Amino acid sequence: MNQVYDCALGRVTCLVDGAKVFGAEVFPSVEPDYRLALLGAAGVTEIRTEFNAFLLELPGQPLTLVDVGCGQLFGPDAGKLAGLLAAQGIAASDVERVIFTHLHGDHVGGALDGDTQVFPNAEMLVHKDELTRWWGTGRPGDLFQSVYAGRIQPVCDAQELSPGIVTWHLPGHTPGHMGLRLADELVIVGDIMHAEVLQLPDPQIASMYDDDPEIGRASRLAALAEIADRGLVYAGGHQLGPSKFGRLKRQGKSFVKVAA
Ligand SMILES: [Zn+2]
């Protein structure tokens, strides 16, 4: 499923690279009864997730992807990004810039075809702390740095990457995890949440994928509060449909998503 949001800078399209169901172990602090209650309140029976990437078609700016999906790393249920781009007449060689929210396999895997480049002409932008996090680990974020050596540009917090696109450091999930602010209207918030059915009603819930759950919790709470209080439109790495772009309303200590 693709979904489009037209912001002041141009068109942003969510491209769904794949999907899976999370087991209960992904949210280790959530007791079974509580999990069932939260799922029941959302009208679902399992913790589904989707792997989202974003295509930025902004007049006067480089053709940009935000994250590139799983590639071959997560089996046949993912790795659909290339086909989705092709369906829009976009070849990998047309992509001029990739901005990574972080370097987990489900966000960087699509840049790797074994140990060769998928995007031969794109500048690669990554938060500087993310490069340090993965360097020498043998993980996809390390392989990525070898494969794209010389074409990776480290960025930092609150950096304007091009007119109207500003980085938003949201550490915790990983040290260099970041979101993007577009025209101060739309924010792409990466992996501050992995399952909105649990983490919007209870933003204290962390996932097992968070490097530092405490720091991640603070980033999540700050981001959700700002989205709600400033009326921003948001999207992220694991939001489900039908509306990939939403706004947030506060409800006590919880947040409720409404379609943008
Ligand atoms: Zn992710």
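Source: prediction; values computed, not measured. One is the number of the first residue; the rest follow in order along the sequence.
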Residues Arg230 and Asp184 bridged, charged N to O under 4.0 Å: yes
NZ or CZ of Arg181 within 45° of Trp168 ring axis and under 6.0 Å: yes
For Leu55, the option from Val95, Val12, Leu84, Leu63 that meets side chain to side chain contact (heavy atoms under 4.5 Å, CB included): Leu63
Ring geometry between His194 and His173 (parallel below 30°, tilted from 30 to 60°, perpendicular above 60°): tilted
Verdict with supporting geometry, His177 and His127, ring pair (Phe, Tyr, Trp, His ring centres under 6.0 Å): CA-CA 7 Å; His177 179 265; His127 191 281; 9.9 Å; no
Under-4.0 Å salt bridge between Glu123 and Arg151: no
Side chain Asp202, main chain Gln199, donor-acceptor under 3.5 Å: no
Phe245 ring center within less than 6.0 Å of Tyr234 ring center: no
Residue that, paired with Phe144, satisfies ring pair (Phe, Tyr, Trp, His ring centres under 6.0 Å) out of Phe100, Trp134, Trp135, Phe119: Phe100
Worked check of salt bridge (Lys or Arg N to Asp or Glu O under 4.0 Å) between Asp17 and Lys80: CA-CA 5 Å; Asp17 186 68; Lys80 303 184 189 308; over 6 Å; no
Arg35: salt bridge (charged side-chain N to carboxylate O under 4.0 Å, His left out) partners, not counting sequence neighbours: none
Atom pair OG (Ser219) and NE2 (His169), whose distance is rounded to the nearest 0.5 Å: 7.5 Å
Partners meeting salt bridge (charged side-chain N to carboxylate O under 4.0 Å, His left out) with Asp157 (sequence neighbours left out): none
Taking every non-hydrogen atom, the tightest pair across Ala111 and Tyr148: O-OH, 2.6 Å
Short side-chain donor-acceptor distance under 3.5 Å, Asn52 and Gln239: no
Phe22 and Tyr209 aromatic ring geometry - parallel, tilted or perpendicular at 30°/60° bounds: tilted
Salt bridge flag under 4.0 Å for residues Arg217 and Glu214: yes
